[in-house]
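Keep in mind that this is a model prediction, so the values were computed, not measured. This chain uses plain numbering: 1 for the first residue, then up along the sequence.
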Amino acid sequence: METKITVLIVDDHAIVREGIRMILARHGDIEVIGEAENGIQAIEQVEKLSPDVVLMDIALPGLGGLEATL
């Protein structure tokens, strides 16, 4: 059974999230399991989904990426 790397994409621009999703879809061993548009949503999604990797934008509205990471 193949183990995939699970990824959560966090960016406040939907077009950026979609672009990253499209790039990652080309790799069979990577699965995007969720998206968030701000730091609060990112924390909620990490707790809910437990991704292997979080691609986090630093400049987010409200709670920024750096603060959400801490």
Side-chain angles (χ1 to χ4, degrees):
M1 184 172 162
E2 181 181 327
T3 302
K4 293 190 177 191
I5 299 167
T6 57
V7 177
L8 172 68
I9 301 170
V10 184
D11 195 287
D12 55 327
H13 297 95
I15 191 83
V16 173
R17 293 193 311 271
E18 182 60 29
I20 294 171
R21 181 182 281 277
M22 289 173 56
I23 291 168
L24 295 178
R26 297 178 184 174
H27 301 276
D29 58 343
I30 298 175
E31 178 182 7
V32 176
I33 58 171
E35 296 182 12
E37 61 184 39
N38 60 52
I40 299 293
Q41 287 179 0
I43 292 169
E44 291 170 352
Q45 291 295 323
V46 165
E47 290 174 350
K48 177 181 174 185
L49 303 172
S50 297
D52 296 318
V53 176
V54 177
L55 296 177
M56 176 86 74
D57 184 4
I58 293 174
L60 297 169
L63 184 65
L66 291 176
E67 293 84 9
T69 302
L70 297 175

Residues 61-70, side-chain donor-acceptor partners within the protein, below 3.5 Å, at least two apart:
unit_1	atom_1	unit_2	atom_2	d
Glu67	OE1	Gly64	N	3.3
Thr69	OG1	Gly65	O	2.7

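Considering every non-hydrogen atom in both Glu37 and Gln41, the closest pair reads N-OE1, 2.8 Å. Between Ala42 and Ala36, the closest heavy-atom pair is N-CB, 3.6 Å.
For the pair Glu18 (side chain) and Ala14 (backbone), a donor-acceptor distance under 3.5 Å is absent.
Atom NZ of Lys48 has 12 or fewer neighbouring heavy atoms from other residues, nucleotides or ligands inside a 6.0 Å radius.
Residue Ile5 belongs to a hydrophobic cluster whose other members are Val7, Ile9, Ile15, Val16, Ile20, Leu24, Ile30, Val32, Val53, Leu55, with links defined by side-chain heavy atoms closer than 4.5 Å. Under a 4.5 Å side-chain heavy-atom criterion applied to ILVMFWY residues, the cluster that includes Ile33 comprises Leu49 as well.
Applying the side chain to side chain donor-acceptor pair (under 3.5 Å) rule to pairs touching residues 51-64 yields Thr6-Asp52, sequence neighbours excluded.
Under the side chain to side chain donor-acceptor pair (under 3.5 Å) criterion, Glu35 pairs with Arg17, Arg21, sequence neighbours left out. For Val54, the side-chain contact (heavy atoms from CB on, under 4.5 Å) partners are Leu8, Val10, Val46, Pro51, Met56, not counting sequence neighbours.
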